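Indexing begins at 1, ligand by ligand and atom by atom, following the structure's order. Just so you know, these numbers come straight off a predicted model, no measurement behind them.
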Amino acid sequence: MNLVRLAALILLAASLGAAQQHRIAEADRLAREVREEFLHAWNGYKTYAWGTDGLLPLSKKGYVTYGGPLLLTPVDAFDTMLLMGLTAEAEETKRLILSSLTFDQDISVKNFEIVIRVLGGLLTAHQMTGEPRFLSLAEDLGRRLLPVFDSPTGLPYVNVNLRTGAVERTHTNPAETGTLLIEFGTLSKLTGNDVYYKKAKRALTETFRRRSAIGLAGESFDARTGKWIGTDSHVGGMIDSYYEYLYKCWKLFGDEECRTMWDESIAAVNRYCADTVRGMFWYARVDMNTGRRRHRVFGGLEAFMPGLLALSGDTARAAALQRSCEAMWNRYGVEPEMYDYAADSVRYGRYPLRPEIIESAYYLYRITGDTAYQHMGASFFRALRRHCRTEAGYAELADVVTKRQHDMMESFFLAETMKYCYLLFADPSLIDLRSVVFNTEAHPIRKSW
Ligand code: DMJ
């Protein structure tokens with residue numbers, strides 16, 4: 001090699017090195033900014049809502065969802081604090097949970113929400129700290145939730161009274177019946193009692209068994225009769241995390257039946273729901289029995305799908321769909337809950353601080369290594385800070401067009417939205433995606449068995 005070429009190579013290596021260092025410094029700065037914003041919202045909860053389920057960020061008060069506090073925000077936020085290295089906050093939260101969280105309350109709770117937020121949160125709290133009292137709480141909760149599965153079909157009832165075990169409400173959907181196995185299955189693995197795995201697995205397979213002749217799930221059915229009520233099929237709310245758990249339960253437990261159900265389901269979804277409009281890739285809403293298209297709408301909940309596609313190895317569709325999600329976000333500067341992608345108009349303009357689009361950016365970044373997803377995530381984070389930040393925390397948007405705020409900060413904002421933002425910029429070694437599976441509320445379950 002001549003000297004000129006050698007010098008050019010050295011210069012190139014130095015400038016690449018400098019670019020790389022700049023990128024790392026920038027990511028580090030963003031991770032610190034996200035942590036500051038997490039603390040801002042958490043301090044709002046501490047000041048105005050301590051001991052309740054969550055913060056009302058405009059009226060600066062706490063709220064309780066089910067008639068008695070279940071500490072939804074502290075339990076949901078705890079593992080985010082641990083990942084962010086917020087040791088003092090985590091210690092204080094641990095004391096609060098262990099001293100005051102009780103499930104012996106005469107309240108009827110929604111099984112699905114309590115499983116993904118509280119059971120999931122307690123299991124990761126136990127795995128990440130080694131504290132046995134978190135597992136005892138999880139086991140107590142799991143036992144109190146079990147009556148939901150005592151329906152004629154094995155599909156869970158929607159609500160259960162934590163003290164009496166009385167169940168109610170049978171109008172349910174695949175997301176609620178099929179998003180339970182990561183948490184109940186992990187509880188079985190950690191306690192050695194396989195009853196939880198069996199009941200949640202049955203609920204998942206009973207959901208799958210009701211797919212149509214062309215392999216699609218509908219959006220609502222009756223837990224007692226198993227009969228479909230809503231026959232739209234799509235990847236949005238009411239179905240979304242059912243697909244997520246089919247794949248993830250194979251990944252977490254090595255359960256081959258879950259893998260088979262996933263393979264068949266995603267093939268049907270790609271065949272009948274996939275849609276392209278003006279060169280952009282989407283998933284439409286179709287009739288579960290005929291596959292005929294019903295609505296060309298997509299939204300904030302559907303935006304989890306690029307992440308799931310990437311995780312399951314379909315990075316091409318994942319990247320194309322994430323481009324569409326980004327365009328949907330950029331249309332108004334924040335994504336709407338429901339967007340008509342054919343008419344390019346908002347169907348429902350609410351933004352409840354949802355994480356899914358950032359979750360997908362995180363998976364795509366971690367799986368492809370493409371820093372474009374970090375840039376994308378940075379712009380989502382800046383928009384959140386600009387439009388949703390309040391004096392006391394973060395607020396939903398009632399309308400993404402006007403950016404009018406609404407007085408609610410759901411616990412998933414600290415469990416998921418802030419966590420995925422942080423992980424997108426933080427040291428990737430914090431989470432090893434080969435041994436960790438996030439539940440649908442972003443609680444990182446470690447395959448420790
Ligand atoms: C969360 O509770 C979970 O991510 C669930 O799967 C969907 N809805 C919210 C976040 O948008």
- Message: With a heavy-atom distance limit of 4.0 Å, tell me whether A175 approaches ligand 1 through its side chain, its backbone, both, or neither.
- Response: neither
- Under 3.5 Å: donor-acceptor pair, side chain of D314, backbone of A310: no
- Message: Any carboxylate oxygen within less than 4.0 angstrom of a Lys/Arg side-chain nitrogen, looking at D344 and R331?
- Response: yes
- Close-contact set for ligand 1 against I116 heavy atoms, below 4.0 Å: 2 (O)
- Should the pair E92-K46 be classified as a salt bridge under the 4.0 Å nitrogen-to-oxygen rule? yes
- Task: Identify the protein heavy atom lying closest to atom 10 (C) of ligand 1, giving its residue, its atom name and the separation to 0.1 Å.
- Result: E356 OE2, 3.2 Å
- Query: When the aromatic ring centroids of F134 and F78 are compared, is their separation below 6.0 Å?
  - Reply: yes
- Query: Which atoms from ligand 1 have a heavy atom of L301 less than 4.0 Å away?
  - Reply: 7 (C), 8 (N), 11 (O)
- Query: Nearest protein heavy atom to atom 2 (O) of ligand 1, by residue and atom, and its distance?
  - Reply: E441 OE1, 2.7 Å
- Under 3.5 Å between some N or O of ligand 1 and some N or O of R354? yes
- Please could you name the atoms of ligand 1 that T440 approaches to less than 4.0 Å, counting only its heavy atoms? 3 (C), 4 (O), 5 (C), 6 (O)
- Cation-pi check, K248 onto F438 ring (under 6.0 Å, within 45° of axis): no
- Item | R366 to Y363 six-membered ring, cation-pi geometry met (6.0 Å, 45°) | no
